[in-house]
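Everything below concerns the one structure shown next.
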Amino acid sequence: MDYIIGEINPAISPMTIGANGVRVYNSLAYASIFKSTLNSTYTLSESNFTIYSYRI
């Protein structure tokens, strides 16, 4: 599978006022893709009521 990345090329001047540059897209032969999950929950000791639950 091919992957594409865009990088700003400083050799090309932008044509729009206030633009940061011109992005040039290149294909990559490989890419490292990862996924992570963090689950966190805490409760009050006497009521067992969930105060906070967060998932990335």
Side-chain angles (χ1 to χ4, degrees):
M1 184 176 281
D2 295 328
Y3 299 95
I4 298 172
I5 187 169
E7 297 177 325
I8 295 176
N9 187 341
I12 303 172
S13 61
M15 296 176 64
T16 305
I17 297 172
N20 293 329
V22 176
R23 190 173 295 258
V24 177
Y25 293 91
N26 296 314
S27 62
L28 299 175
Y30 66 93
S32 297
I33 299 174
F34 66 93
K35 179 181 177 181
S36 64
T37 301
L38 172 67
N39 292 324
S40 175
T41 302
Y42 65 88
T43 59
L44 295 176
S45 60
E46 294 180 9
S47 65
N48 289 332
F49 181 75
T50 301
I51 299 296
Y52 179 77
S53 180
Y54 185 70
R55 182 174 181 171
I56 297 177

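Residue numbers count from 1 along this sequence.
Annotation: side chain of Asn9 is not in contact with side chain of Val22 (no heavy-atom distance under 4.5 Å). A heavy-atom distance below 4.5 Å is found between the side chains of Asn26 and Glu7.
Scanning both residues, Tyr30 and Tyr3, for their nearest heavy atoms gives C-CD1, 4.0 Å.
Cluster partners of Tyr25, by chain and number: Ile4. The rule joins Ile, Leu, Val, Met, Phe, Trp and Tyr whenever side-chain heavy atoms lie under 4.5 Å apart.
At least one donor-acceptor pair closer than 3.5 Å links the side chain of Arg23 to the backbone N or O of Gly6.
More than 12 heavy-atom neighbours from other residues, nucleotides or ligands sit within 6.0 angstrom of CD1 on Ile33.
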